[in-house]
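Side-chain atoms are counted along with the backbone in the values below, which use heavy atoms only and exclude waters and symmetry mates. Quantities reported herein were computed from a predicted structural model and do not represent experimental measurements.
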Amino acid sequence: MSTYQQTVYDFIDAINQHDVYRIYSLMAEDFKFIDAYGGEETGKDHMKKSWIGYFKWFPDYKIEIVDIFTNENMYAILGFASGTYQNTESHWRLPAAWKAIVCDREIKLWQVYCDSKIPFEIIEKNK
């Protein structure tokens, strides 16, 4: 397994463990996150707060990998994302994909492709 691929697996494992400090250590300083709607957030310090908030919403959030494809330092990850909103009965599991770009053993880009309508409807319903 290449160092780049190991970095991707380590990042996903840190997400699945909700280990914000490990996630933070794996993000590049100029880390860019692109959500399912094309919204962008940049900078690892800003994203640290976003990860903490997301794990509060979905304390059991998990990424399941089905397939992973690579082209040098770019990865396409296919699988499922799942979570339960703030320990309610409102669980979801959806097909999802992610694009990752790795530079110098750090994640430079993390882009999500998923129909996140269901999780956001659950949030609205439970407010």
Side-chain angles (χ1 to χ4, degrees):
M1 180 180 305
S2 75
T3 303
Y4 289 151
Q5 188 171 4
Q6 187 61 56
T7 300
V8 170
Y9 278 102
D10 289 347
F11 193 69
I12 292 168
D13 182 61
I15 291 169
N16 286 344
Q17 297 296 320
H18 298 195
D19 187 341
V20 175
Y21 296 103
R22 191 163 158 225
I23 293 169
Y24 183 83
S25 74
L26 290 165
M27 291 187 291
E29 286 296 327
D30 60 346
F31 176 86
K32 181 186 281 187
F33 174 81
I34 303 174
D35 68 24
Y37 297 102
E40 296 183 12
E41 296 187 48
T42 56
K44 69 190 281 180
D45 289 327
H46 177 73
M47 279 306 301
K48 182 179 179 182
K49 295 174 189 171
S50 295
W51 284 112
I52 290 168
Y54 198 76
F55 295 145
K56 284 182 182 176
W57 277 352
F58 304 106
D60 61 347
Y61 178 76
K62 181 180 176 184
I63 293 173
E64 301 168 55
I65 301 171
V66 174
D67 285 307
I68 188 165
F69 303 94
T70 185
N71 182 5
E72 296 180 20
N73 69 331
M74 184 183 72
Y75 290 83
I77 302 124
L78 307 175
F80 294 89
S82 63
T84 306
Y85 181 67
Q86 296 184 338
N87 295 318
T88 65
E89 303 268 329
S90 301
H91 182 76
W92 53 271
R93 182 176 181 265
L94 301 167
W98 299 265
K99 176 181 178 181
I101 295 178
V102 180
C103 294
D104 298 324
R105 297 184 179 175
E106 296 177 322
I107 303 293
K108 187 171 183 74
L109 172 79
W110 188 254
Q111 184 168 2
V112 178
Y113 300 89
C114 180
D115 182 359
S116 57
K117 180 181 175 191
I118 292 171
F120 283 112
E121 285 176 348
I122 290 170
I123 291 169
E124 286 300 313
K125 182 179 89 174
N126 285 286
K127 280 187 174 181

Chemist: Closest approach of M47 and M27, non-hydrogen atoms and distance?
Modeler: CB-SD, 3.9 Å
Chemist: Is there a donor-acceptor contact under 3.5 Å from the side chain of Y4 to the main chain of E72?
Modeler: no
Chemist: Which heavy-atom pair separates N16 from I63 by the least distance, and what is that distance?
Modeler: OD1-N, 2.6 Å
Chemist: For W92 and Y61, take the angle between the two ring planes, folded into 0 to 90°, and tell me which bin it lands in: parallel under 30, tilted 30 to 60, perpendicular over 60.
Modeler: tilted
Chemist: Treating Ile, Leu, Val, Met, Phe, Trp and Tyr as nodes and any side-chain heavy-atom pair under 4.5 angstrom as an edge, say whether I68 and V66 lie in one connected cluster.
Modeler: no
Chemist: Can you tell me if K62 has over 12 outside heavy atoms packed within less than 6.0 Å of its NZ?
Modeler: no
Chemist: Tell me whether N73 contacts the main-chain N or O of I101 through its side chain, where contact means a donor paired with an acceptor under 3.5 Å.
Modeler: no
Chemist: Within the distance-only criterion (no hydrogens, no angle test), does the side chain of D60 pair as donor or acceptor with the backbone N or O of T84 below 3.5 angstrom?
Modeler: yes
Chemist: Whether K44 engages the ring of Y24 as a cation-pi pair (distance to the six-membered ring centre under 6.0 angstrom, angle to the ring normal within 45°) should be assessed.
Modeler: yes
Chemist: Can I15 be reached from Y113 by stepping across I, L, V, M, F, W or Y side chains whose heavy atoms are under 4.5 Å apart?
Modeler: no
Chemist: If you compare all heavy atoms of A100 against all heavy atoms of V8, which two are closest, and at what distance to 0.1 Å?
Modeler: CB-CG2, 4.2 Å
Chemist: Can M74 be reached from L78 by stepping across I, L, V, M, F, W or Y side chains whose heavy atoms are under 4.5 Å apart?
Modeler: no
Chemist: Taking Y85 as the starting point, is it possible to reach I52 by hopping between hydrophobic residues whose side chains are less than 4.5 Å apart?
Modeler: yes
Chemist: I'd like to know whether OH of Y37 has more than 12 heavy-atom contacts from other residues, nucleotides or ligands below 6.0 angstrom.
Modeler: yes
Chemist: Testing the basics here: between K48 and Y21, what is the closest heavy-atom pair and its distance to 0.1 Å?
Modeler: NZ-CE2, 3.5 Å
Chemist: Hey, any chance I77 and L94 share a hydrophobic cluster, counting ILVMFWY side chains that come within less than 4.5 Å of each other, even indirectly?
Modeler: yes
Chemist: What do the steps show when you test L26 against W110 for side chain to side chain contact (heavy atoms under 4.5 Å, CB included), and what is the final call?
Modeler: CA-CA 11 Å; L26 290 165; W110 188 254; over 6 Å; no
Chemist: Starting from the C-alpha separation in whole Å, work towards a yes-or-no answer on side chain to side chain contact (heavy atoms under 4.5 Å, CB included) for F11 and V102.
Modeler: CA-CA 11 Å; F11 193 69; V102 180; over 6 Å; no
Chemist: When rounded to the nearest 0.5 angstrom, what is the spacing between OG in S25 and CG in D10?
Modeler: 9.0 Å
Chemist: Taking all non-hydrogen atoms of both residues, which atom of H91 and which atom of G83 are closest, and how far apart?
Modeler: ND1-O, 3.1 Å
Chemist: Measuring only between side-chain heavy atoms, which start at C-beta, is D35 closer than 4.5 Å to V112?
Modeler: no
Chemist: For F33 and W51, take the angle between the two ring planes, folded into 0 to 90°, and tell me which bin it lands in: parallel under 30, tilted 30 to 60, perpendicular over 60.
Modeler: perpendicular
Chemist: Do W98 and Q111 touch side chain to side chain, with heavy atoms closer than 4.5 Å?
Modeler: no
Chemist: Can you see which heavy atom on I34 is nearest to which on E40, and at what distance?
Modeler: CG1-CG, 3.8 Å
Chemist: Tell me, do F31 and E41 make a side-chain contact under 4.5 Å, heavy atoms counted?
Modeler: no
Chemist: Please round to the nearest 0.5 Å and tell me the distance separating atom OG1 of T7 and atom CD1 of I12.
Modeler: 11.0 Å
Chemist: Is a donor from one side chain sitting under 3.5 angstrom from an acceptor on the other, for Q5 and T70?
Modeler: no
Chemist: Show, in sequence, the C-alpha distance, side-chain angles and deciding distance for K99 and Y75, and conclude whether the side chain to side chain contact (heavy atoms under 4.5 Å, CB included) test is met.
Modeler: CA-CA 6 Å; K99 176 181 178 181; Y75 290 83; over 6 Å; no
Chemist: Is there a donor-acceptor pair under 3.5 Å between the side chain of S2 and the backbone N or O of Q6?
Modeler: no
Chemist: Is the number of heavy atoms from other residues, nucleotides or ligands under 6.0 Å of R105 CZ greater than 12?
Modeler: no
Chemist: Would you say the side-chain atoms of D104 pair up with the backbone N or O of E106, donor to acceptor, closer than 3.5 Å?
Modeler: no
